[in-house]
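In this text, all values refer to a predicted model and were calculated from it rather than measured experimentally. Heavy-atom basis, side chains included; hydrogens, waters and symmetry copies ignored. Below, chain A is the first sequence line, B the second, and so on; all start at residue 1.
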Amino acid sequence: MVKYVKIKYELIKKDGNARLGKLITNHGTYDTPIFMPVGTLANVKMLTKEELVDAKCAVILSNTYHLWLRPGADTIKKAGGLHKFMNYDGPILTDSGGFQVFSLAKNKAKDITEEGVHFKSHIDGKSLFLTPELSMEIQNKLDSDIAMSFDECIPYPATYDYVKQSTERTLRWAKRGKDAFDNENQSLFGIVQGGEYEDLRKYSAVETVKMGFDGYSIGGTSVGEGKETMYKMVDYAIKYLPEDKPRYLMGVGEPFDLLEGVQRGIDMFDCVLPTRLARHANAFTYKGKINLKNSKFKDDFTSIDEKCDCYTCKNYTKAYIRHLFVAKEGLGGRLLSIHNIRFLVKMMEEIRQAIKEDRFLEYKNEFLSNYEDKAKL
RNA sequence: GCGGAAUUGGUGAAGUGGUUAACACGGCGGAUUGUGGUUCCGUUAUGCAUCGGUUCGAUCCCGAUAUUCCGCC
């Protein structure tokens, strides 16, 4: 078997702007576009790696910030890297801690400096300082397949001036991170920022691409900006990204958004939504999202979705899963996590097949016409 | 039988002589997009055991009745 040190991307074919491709990693080759579940603390909440493999997950995410705090990068390095530590031999992508700039740095003007970002640990309140160099050092030790540049995920709304100075700083951080990066088995992705502003998105994309990363992501999306704005953010940036590298839309995972993203040429998505919704008793279905706690499912002895092939749908009924949630039994969250992840992974399989057959838009329209709750799209 | 205490929503219970009866649980909904979170938000008693009385006004004061609990016969 060929050892691919850096990730390779091969574009197989296009249907409109939708891309069917191949992502070749040190831990297997996968067709794109793909959906990647999030496993912040070196596990996808509630699931074993066997369940991830069964759901046909490709890449999963982990988080630099969280693993830095606990158990610590050195422990994971001693374990032989993240794959050995968590016993997952598929590809792993680590987020840089950039999203925690968004969620944990309370006073942005004071906490975010040119040098790096001041946080308060969510575990013990201790003051922490994360820099592009440190983020790279941690990710290098974690030995994930894909490391992400350290950026600021800009809140929405933000003024043009704020977005401009933040986007420029993220570019400087990207350069610093790239220079400090030191792991020949690991790939590094750049992140495009620029908020909702067309010229800043273009500037960020062009300048990030000039630095030469193994892949590019569009960040600063799904932070409360509304769908139309989010799609514009993608439109503004994606045309400046090279065709021969993977494009990753960060934090996006509603079924409709996956369709809109693929249509614009996105290859990779990640989102906490399937697992978070699952823990809160919500399930994706081809007819829309349902809340398994609703009393109407009390005596519903059918599976969540008749078209789903997941372990949960093959073995359990809505009435049983509802009972688990009402009784506060953790198995309910597990079963729905399996279902929701498989739902999105399967949806991407269908999307790839549709692109292959030049009928992506037909697929999209059919998906939308089956969706009963149009307002929730 | 005598004496004492209690009686507030589905549950556990706060509370006041004067517009919307606290809170918790439960119930019913909703939210959730690079995961601090099995979380957050909304809603849920036109009524305070029953019947009278006092009062401008009573869930709150008084009386009777009912039920429950605790003592003593």
Side-chain angles (χ1 to χ4, degrees), chain A residues 35-46 59-67 69-70 93-106 119-126 128 135 146-156 170 189 191-193 217-227 229-231 233-234 248-258 260-261 266 268-284 289-298 322 324-334 336-337 340 344 373 375-377:
Chain A
F35 175 79
M36 313 183 284
V38 176
T40 304
L41 285 154
N43 81 319
V44 175
K45 289 189 193 300
M46 297 186 152
V59 184
I60 63 170
L61 262 72
S62 247
N63 195 294
T64 300
Y65 163 79
H66 299 258
L67 295 177
L69 295 192
R70 196 162 53 187
L93 182 152
T94 42
D95 192 20
S96 62
F99 187 70
Q100 280 63 47
V101 178
F102 167 79
S103 64
L104 291 178
K106 297 239 158 62
F119 296 103
K120 284 256 163 66
S121 161
H122 69 279
I123 298 169
D124 59 10
K126 214 186 308 178
L128 303 167
S135 176
I146 300 171
M148 297 303 300
S149 290
F150 186 68
D151 66 334
E152 179 190 355
C153 179
I154 303 170
Y156 181 90
T170 285
F189 278 30
I191 303 177
V192 176
Q193 289 292 340
S217 61
I218 296 173
T221 57
S222 55
V223 290
E225 73 276 21
K227 290 185 184 298
T229 304
M230 180 168 92
Y231 305 145
M233 289 172 168
V234 175
Y248 161 29
L249 182 57
M250 304 185 84
V252 169
E254 281 187 7
F256 185 63
D257 294 336
L258 298 183
E260 292 292 322
I266 298 292
M268 304 160 71
F269 302 86
D270 83 282
C271 197
V272 303
L273 209 53
T275 44
R276 180 181 290 165
L277 287 180
R279 275 176 280 124
H280 298 166
N282 287 75
F284 292 127
K289 201 179 73 183
I290 60 172
N291 184 343
L292 269 299
K293 279 198 294 199
N294 289 1
S295 54
K296 64 182 169 188
F297 299 122
K298 190 171 189 301
R322 174 182 139 83
L324 292 175
F325 273 100
V326 170
K328 300 195 191 317
E329 282 290 330
L331 180 60
R334 262 166 63 71
L336 285 192
S337 293
N340 281 347
L344 295 183
D373 196 357
K376 295 262 174 72
L377 291 174

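Put simply, H280(A) rests on the base of U39(B): the two rings are less than 5.5 Å apart at their centres and nearly parallel, under 30°.
The shortest side-chain heavy-atom distance between L258(A) and I266(A) does not fall under the 4.5 Å cut-off. Side-chain contact between K227(A) and E254(A): present, with at least one pair of heavy atoms (C-beta onward) separated by less than 4.5 Å. D151(A) places a side-chain heavy atom less than 4.5 Å from the side chain of Q193(A). Between L93(A) and D270(A) there is no side-chain heavy-atom pair separated by less than 4.5 Å.
The CZ-C1' distance, from R322(A) to G29(B), rounds to 12 Å in whole Å. F325(A) has its CZ atom 12 Å from the P atom of U38(B), to the nearest Å. To the nearest angstrom, P of G34(B) lies 12 Å from CG of L258(A). Protein atom CD1 of I146(A) is 13 Å distant from nucleotide atom C1' of G34(B), rounded to whole Å. Note: CD (E225(A)) to P (G34(B)) measures 11 Å, nearest angstrom. Between K120(A) atom NZ and G36(B) atom P the separation is 17 Å, expressed in whole Å. The CE-P distance, from M46(A) to U35(B), rounds to 18 Å in whole Å. Note: NE2 (H122(A)) to P (U35(B)) measures 11 Å, nearest angstrom.
Contact annotation for G253(A): base contact, defined as any heavy-atom pair under 4.0 Å involving a base atom. When heavy atoms are screened at a 4.0 angstrom cut-off, K328(A) is found touching the sugar-phosphate backbone but no base atom. At a threshold of 4.0 angstrom between heavy atoms, the contacts of L249(A) with the nucleic acid are absent. E329(A) comes within 4.0 angstrom of no nucleic acid atom, judged by non-hydrogen atoms across all strands. If you check every strand for non-hydrogen atoms under 4.0 Å, G224(A) touches nothing. Residue L61(A) is in sugar-phosphate contact alone, with no base atom involved, counting any heavy-atom pair closer than 4.0 Å across all strands shown.
C72(B) sits 32 Å from G12(B) when the C1' atoms are compared, rounded to a whole Å. Between G26(B) and U20(B), the distance separating the two C1' atoms is 23 Å to the nearest Å. Using P as the reference atom, G3(B) and C25(B) are 44 Å apart when rounded to the nearest Å. A14(B) sits 7 Å from C23(B) when the C1' atoms are compared, rounded to a whole Å. Comparing the same atom, C1', in G63(B) and in U54(B) gives a spacing of 11 Å after rounding to whole Å. Taking atom C1' in both A21(B) and U46(B), one finds a spacing of 12 Å when rounded to whole Å. On the P atoms, A24(B) is 10 Å away from C41(B), given to the nearest whole Å. For the C1' atoms, the distance linking G52(B) with C69(B) amounts to 26 Å, nearest Å.
A donor and an acceptor atom sit less than 3.5 Å apart, one in the side chain of R279(A) and one in the base of U35(B). For U35(B), the base has a donor-acceptor partner in the side chain of T275(A) [N/O atoms by modelled type, under 3.5 angstrom]. With hydrogens and angles ignored, no donor-acceptor pair under 3.5 angstrom links the side chain of N63(A) to the base of G34(B).
Of all nucleotides present, only C62(B) satisfies the Watson-Crick or G-U wobble test against G52(B), with each distance under 3.5 Å. Applying the Watson-Crick and G-U wobble criteria (two distances, each under 3.5 Å), G71(B) pairs with C2(B).
Comparing G30(B), G27(B), G36(B) by their closest approach to the side chain of V326(A) singles out G27(B). The side chain of S295(A) has C28(B) as its nearest neighbour among C28(B), U35(B), G36(B). Checked against U35(B), U32(B), G30(B), the side chain of D95(A) finds its nearest nucleotide in U35(B). Among G34(B), C28(B), U35(B), the nucleotide with an atom closest to any side-chain atom of R276(A) is U35(B). The side chain of D270(A) lies closest to G34(B), out of G36(B), A31(B), G34(B).
Nearest-nucleotide assignment on RNA chain B puts the 5′-proximal partner with L273(A), out of L273(A) and G330(A).
Each of V192(A), L249(A), T229(A) was scored for a side chain to side chain contact (heavy atoms under 4.5 Å, CB included) with T221(A), with one residue passing: L249(A).
Within the structure, a side-chain polar atom (N or O) of Q100(A) is placed less than 4.0 Å from OP1 or OP2 of G36(B). OP1 or OP2 of G29(B) has not a single side-chain nitrogen or oxygen of N291(A) nearer than 4.0 Å. The shortest distance between the side-chain N/O atoms of N294(A) and the OP1/OP2 oxygens of G30(B) is below 4.0 Å.
Across all non-hydrogen atoms, the minimal contact from M250(A) to S217(A) is SD-OG, 3.5 Å.
Taking the six-membered ring where the residue is Trp, the centroids of H122(A) and Y65(A) are separated by under 6.0 Å.
Between the side chain of S149(A) and the backbone N or O of F189(A) there is at least one donor-acceptor pair closer than 3.5 Å.
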